[in-house]
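Positions are given from 1 along the sequence. The model shown is predicted, which means the values in this text are computed figures rather than measured ones.
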Amino acid sequence: ECVNRLILPTAFTPNEDGLNDFFRPKVENVESVDFQIYNRWGLLLFETKDPYQGWDGYYELEPVDVGVYIYYLIATFNDGTTESLQGNVTLIR
């Protein structure tokens with residue numbers, strides 16, 4: 001049986017140590033996503049349709065400040081069903 005899975009961490013540390021450097025969903029059986037990251041003022045910092053691409057904590061080639069960021073994620077699974085998640089992630093350097 002195929003299990004649809006979509007999990008997001010609550011924090012990440014984009015400090016280039018090879019551990020938790022990207023904020024991305026952990027997915028299984030996902031065909032595509034609409035994944036967006038915003039700052040607290042509503043500025044779109046990152047967007048992707050690729051379920052395996054994550055945010056590196058940069059905006060316009062500059063590292064963003066330590067803090068809390070908002071995400072919206074809509075995933076389409078291989079069986080055609082969808083799941084929506086929204087929440088926040090803490091960026092720690």
Do I37 and F23 touch side chain to side chain, with heavy atoms closer than 4.5 Å? yes
Contact summary for P51 and P25, nearest pair of heavy atoms: O-CG, 3.9 Å
How would you list, by chain and number, every residue that makes a ring pair (Phe, Tyr, Trp, His ring centres under 6.0 Å) with Y59, sequence neighbours excluded? none
According to a 4.5 Å side-chain heavy-atom criterion applied to Ile, Leu, Val, Met, Phe, Trp and Tyr, with indirect links allowed, do L45 and Y71 form part of one hydrophobic cluster? yes
Does T13 offer a backbone N or O that forms a donor-acceptor pair with the side chain of R93 under 3.5 Å? no
Please tell me if the side chains of N4 and L6 come closer than 4.5 Å, counting only heavy atoms from C-beta onward. no
Residue pair V68 / N88: nearest heavy atoms and the distance that separates them: CG1-CB, 3.5 Å
Taking the side chain as every heavy atom from C-beta outward, state whether T48 and W55 have any atom pair closer than 4.5 Å. no
Does the side chain of S84 come within less than 4.5 Å of L73's, by heavy atoms? no
L91, I70: one ILVMFWY side-chain cluster at the under-4.5 Å cut-off? no
Validation row: E83, I74 side chains within 4.5 angstrom (heavy atoms): no
Which atoms form the tightest heavy-atom contact between R24 and L8, and what is the distance? C-CD2, 4.0 Å
Decide whether V64 and L43 are clustered together by the hydrophobic rule: side chain heavy atoms of Ile, Leu, Val, Met, Phe, Trp, Tyr closer than 4.5 Å, transitively. yes
Are the aromatic ring centres of Y38 and F46 under 6.0 angstrom apart? no
Can you check whether F12 reaches V89 side chain to side chain, under 4.5 Å on heavy atoms? yes
Give the table of side-chain donor-acceptor pairs shorter than 3.5 Å for residues 27-35, with sequence neighbours excluded, one pair per line with atom names and distance.
residue: E28; atom: OE2; partner: R5; partner atom: NH1; Å: 3.0
residue: N29; atom: ND2; partner: V3; partner atom: O; Å: 2.5

Should D56 and D21 count as side-chain neighbours, where that means a heavy-atom distance under 4.5 Å? no
Determine, using the 4.5 Å side-chain heavy-atom cutoff (strictly less than), whether L85 and Y52 are members of one ILVMFWY cluster. yes
